[in-house]
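Letters A, B, ... are given to chains in the order of the sequence lines, protein chains preceding strands, and every chain is numbered from 1.
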Amino acid sequence: MKHWATSLWQKLFGDSVRAFGVVSIVFLFSIAIAPAKNHFSEWRHYQHGYLKMIRNRSDANTLQRHFDGGIQQIWLPEIGVVDRCTSCHVGMKEGTLRDVSSQPYRPHPVIPHKLDQFGCTMCHRGQGAATTVAEAHNSTLAWEQPILPAKYIESSCGECHRGSLPGTPVLNQGRKLLSRYGCVNCHLVRLPDGTTIKATDAPPSLSHIADKTPREWIYAWLKDPQAYAATSSMPNFQLSDADARDISAFLIANSTPLAGDTATLSAKPSSDPAAGASLYGESFCASCHAVTNAAGNVVGGDVGPELTRVGSKVKPEWLHAWLQNPRRYDPGTGMPHYRFNDREVATLSTFLLGKTDSDLLSNVHLDPATPEQIAHGKRLVSDYGCASCHEIAGIKKPENFAPELSRIGSKSITQLIFLPGMSHTLPDYIAGKIKQPRAFSPALRMPQYSFTTSQIDAVTTALLALNDRSTSLPPSLTVPAAAESNYQPAGKAGKLMADLACFSCHRINGRGGDMAPDLTWEGSSVQREWLVQFFKNPGTLRPALIRRMPRFNVSDSEANELADYILTVYQNPIIDRDFVPPGDDSQGEIELGRQLFYGKYSCQGCHIVETKTDKGYIGPTLTHVGSRLTAAWLYQWMKNPQALRPGTIEPNRAMSDEDARALTAFLVSQKGVAPKEVEKK
Amino acid sequence: MSRSSRSNVLLCALLLLPASFMSCGRTGSSVPLPKPTAFGTAIVEAGGEKQIAQTGTLLSQPLIVQVNDDHGNAVPGALVEMQAAAGVNLDPAYGLTDSNGQFTANVTLGGMAGRYQITASTIEKSGTRVAVKTDEIALGYQQTLGSQLNLQYCDRCHNSESTAERVSNYDNLEVKPHPFTDGDMLNKISDADLTAIITYGGAALNKSALMPAWGNTLSKSDIQALLSYIRAVSDPASANAGPVYAKN
């Protein structure tokens with residue numbers, strides 16, 4: 001064996017000439033085969049595969065003509081894109097390849113952007129300059145940004161589009177959840193335009209909590225908020241019994257009584273046992289508050305807290321005062337000030353206090369608090385950052401309590417500590433952290449949220465959009481969100497609107513909720529008499545609507561005050577209230593309108609004029625629209641509803657002036673039953 | 001390290017090598033399949049089929065299949081294996097049927113728009129494999145936009161189901177609209193005709209005038225998106241619904 005090797009060595013490298021010759025041959029050979037590495041490269045393999053695939057197709061000639069061999073590249077220096085993905089993904093722009101199911105030959109699905117203008121990695125991440133499958137798609141030692149999984153793809157839309165988009169429901173939901181669940185109370189999120197995301201969860205002040213709830217309820221709530229209300233946005237801090245005991249002790253001891261936040265009533269509740277439920281219904285409490293019914297379904301709005309077990313939470317004297325005027329306890333509450341009389345307050349509070357859950361507090365037995373427990377509770381309240389969300393007397397709201405998330409989407413994975421078994425990618429880390437924060441370390445203070453998988457994916461999507469690129473984009477590419485205004489109506493009517501919390505449901509001049517119609521042009525739209533009557537006794541405009549305008553029991557003078565303000569201020573400049581559509585209101589015109597209504601435009605599909613025959617459920621009932629809306633508004637509405645109320649589902653029918661006039665005449669003639677006069681003061 | 005432990009490591013490595021090759025060839029996992037305690041003769045869908053979700057997302061309902069015997073009775077303890085195209089995550093991908101003879105898996109769709117076919121199979125006593133194929137629908141960007149527009153503008157009339165929060169208008173209409181899943185009807189209408197009906201209203205194509213014209217309210221690309229959504233969700237599948245991704 002050894003002899004054989006020695007002789008081979010002798011033959012090849014025995015003397016210097018031989019050695020030189022052999023080395024030269026090896027050298028020349030390696031130069032000769034060097035191009036082969038290029039020849040056998042992956043992208044060539046895929047391009048060959050593509051050509052083979054298109055050969056037998058009917059559109060082979062066109063596809064062949066479009067095909068351009070060699071390395072392809074999209075280069076966009078302005079946004080730092082060098083993408084060679086199209087070297088393998090050859091058929092990206094070939095719409096006729098829609099039936100192909102194998103990658104990398106699928107055409108790109110339809111999106112609102114051109115591939116040449118944005119490249120691939122803007123949305124999909126990955127390493128654009130790479131020309132092998134592994135390097136382009138996965139993270140490598142030198143490149144840690146792998147392809148973004150499809151479920152998070154909308155995060156890339158969010159880098160440029162700062163507002164909500166119709167085609168990105170996941171991103172929209174994620175952004176909403178960041179505010180709705182108060183994530184941004186602890187985590188600062190500064191957007192690229194310099195503004196910060198604001199929380200919308202409105203956690204209550206705890207400075208006067210002892211007037212509102214017993215300590216036992218606070219304890220049970222702290223231990224498991226979702227046991228009290230499944231829809232609660234308060235997370236579970238996974239406190240020990242002793243910690244919950246001490247925090248509840250501190251909150252009670254720290255609470256100071258507030259003048260007027262408890263009340264004794266001068267009247268007894270109604271003797272009718274059903275009166276409470278019907279008052280709850282008539283007042284449309286369910287428009288904002290949910291109740292979990294016997295079947296386990298949450299029914300009602302999510303503007304206010306769930307009331308399924310409210311009787312186990314609040315003290316009767318506090319509830320009386322709250323129902324009399326919630327703004328005494330919480331000046332900033334979104335709850336309207338219903339002008340209930342004492343009998344109504346008694347009736348409604350008896351009904352609400354009956355909503356108890358005997359299991360909730362049955363196992364809570366707390367001994368009187370000791371000073372040590374109270375002191376410990378105070379420390380815990382500081383440690384867990386309770387004051388980041390809640391106002392607590394004597395505890396300052398901590399600054400930067402949790403890490404800032406303004407650029408979380410660009411966090412380097414070398415800075416992250418992953419759980420065993422977790423794939424080492426940023427999206428998985430973020431999702432894992434939201435799913436079970438304390439799994440990363442029991443010492444972490446971030447609480448446990450009760451998010452579903454799709455909610456976790458949505459929040460992760462929203463967070464991934466907060467990255468370095470979103471802050472360094474050229475201004476021409478960014479699409480700002482519609483700014484929430486801080487519009488405030490003036491004067492006495494403004495105070496009244498704040499008291500009635502109109503903005504909790506209605507939007508006016510860019511501020512307010514989206515549950516009820518936008519009232520920005522309400523003054524051009526409605527007739528004064530109807531509006532006053534509506535305040536006194538709001539009827540139902542839309543038969544199928546579940547959430548409705550409550551009756552606030554306003555006085556005549558208040559109704560007049562509001563109506564005057566709305567009719568004066570909320571005027572659309574294109575509508576002249578005194579405008580009368582040209583043409584006559586003759587019977588002939590009305591009849592023509594009727595024919596258009598039932599024939600050409602078939603409005604009865606969505607609206608009701610004849611209560612006996614029409615069944616349309618979607619739009620407002622029009623039986624008395626002639627007493628409700630102005631002719632000028634109706635006419636303009638026919639011409640272009642979206643111009644008056646953007647986003648309304650009433651289709652724009654591009655009506656001729658004649659049709660709009662006839663329909664207006666017909667609708668104006670629908671006076672219905674004359675409303676009862678309200679005395680003007 | 002002692003000589004004997006080093007040789008042990010070597011032995012282990014040698015034993016593991018073929019094992020890892022074997023596992024690569026099959027399901028990609030090295031855990032052996034559980035042993036069935038019973039065998040059925042048929043496998044049928046029992047819930048979660050034809051769900052509609054965005055690409056890459058978890059379906060809201062799990063996919064359930066049931067193994068039956070000759071008499072149509074459920075068979076507990078039968079082995080069910082599920083397979084789907086690359087990119088689909090099945091959790092779990094195999095297992096024994098529960099006491100109701102059912103096997104339940106959570107399905108996360110792949111990243112491309114279209115239909116994902118999931119094949120669930122079980123082995124008969126004789127060793128023959130019986131399978132059932134289920135389609136799940138993945139919406140890409142355009143179809144997602146279409147689904148959002150559908151919810152805002154179309155669903156109230158075209159979907160006869162009412163929920164507590166959303167009362168359907170379907171029953172109030174004299175001429176009933178076609179649900180978008182009604183493939184038997186809608187697949188016969190060409191793309192151009194459907195686009196025309198949405199744009200110019202039902203009357204323009206001698207259909208019900210109760211269907212209004214949306215051409216001045218929705219943009220061309222919105223209507224295109226609606227069309228692609230309608231094609232994506234139709235049952236039976238439309239020829240324009242895009243490819244079906246199945247396990248090769």
Got a second to check how far [X]'s [atom1] is from [Y]'s [atom2], nearest 0.5 Å?
| X | Y | atom1 | atom2 | result |
| --- | --- | --- | --- | --- |
| B:Asn172 | A:Gln604 | CG | CD | 11.5 Å |
| A:His108 | B:Tyr141 | NE2 | OH | 12.0 Å |
| B:Thr144 | A:Ile153 | OG1 | CD1 | 11.5 Å |
| B:Arg156 | A:Cys606 | CZ | SG | 8.5 Å |

Structural part of [X] lying under 4.5 Å from a heavy atom of chain B:
| X | value |
| --- | --- |
| A:Arg653 | both |
| A:Val110 | both |
| A:Pro166 | both |
| A:Thr452 | neither |

For [X], look at atom [atom1] and say whether over 12 heavy atoms of other residues, nucleotides or ligands are found less than 6.0 Å away.
| X | atom1 | value |
| --- | --- | --- |
| A:Phe451 | CZ | yes |
| A:Arg98 | CZ | no |
| B:Lys176 | NZ | yes |
| A:Asp514 | CG | no |
| A:Lys615 | NZ | no |

> Which pair of heavy atoms, one from A:Ala150 and one from B:Gly56, lies closest together, and at what distance?
Replying inline: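 Result for this residue pair: CB-CA, 4.0 Å.
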Measuring heavy-atom distances to chain A, does [X] have an atom under 4.5 Å in its side chain, in its backbone, in both, or in neither?
| X | answer |
| --- | --- |
| B:Gln152 | both |
| B:Met211 | neither |
| B:Val175 | neither |
| B:Ala113 | backbone |
| B:Thr108 | neither |

> If only atom types and distance count, is the side chain of B:Asn216 paired as donor or acceptor with the main-chain N or O of A:Pro651 below 3.5 Å?
Replying inline: no
>> I'd like to verify something: which residue of B:Asn169, B:Leu173, B:Leu210 has the highest number of heavy-atom pairs under 4.5 Å with chain A?
In response: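 Looking at each of B:Asn169, B:Leu173, B:Leu210 in turn, B:Asn169 comes out on top.
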>> For the interface with chain A, which of B:Ala53, B:Gly111, B:Gly114, B:Pro212 has the highest count of heavy-atom pairs at distances below 4.5 Å?
In response: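 Heavy-atom pair counts peak at B:Pro212.
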> For the candidates A:Ile649, A:Asp457, A:Thr648, which exhibits the highest count of non-hydrogen atom pairs separated by less than 4.5 Å from chain B?
Replying inline: A:Ile649
> So which of A:Thr453, A:Val100, A:Asn652 has the biggest tally of heavy-atom pairs under 4.5 Å with chain B?
Replying inline: A:Asn652
>> Would B:Thr57 and A:Ser454 count as a side-chain contact (heavy atoms from CB on, under 4.5 Å) here? Give the steps.
In response: CA-CA 8 Å; B:Thr57 59; A:Ser454 68; over 6 Å; no
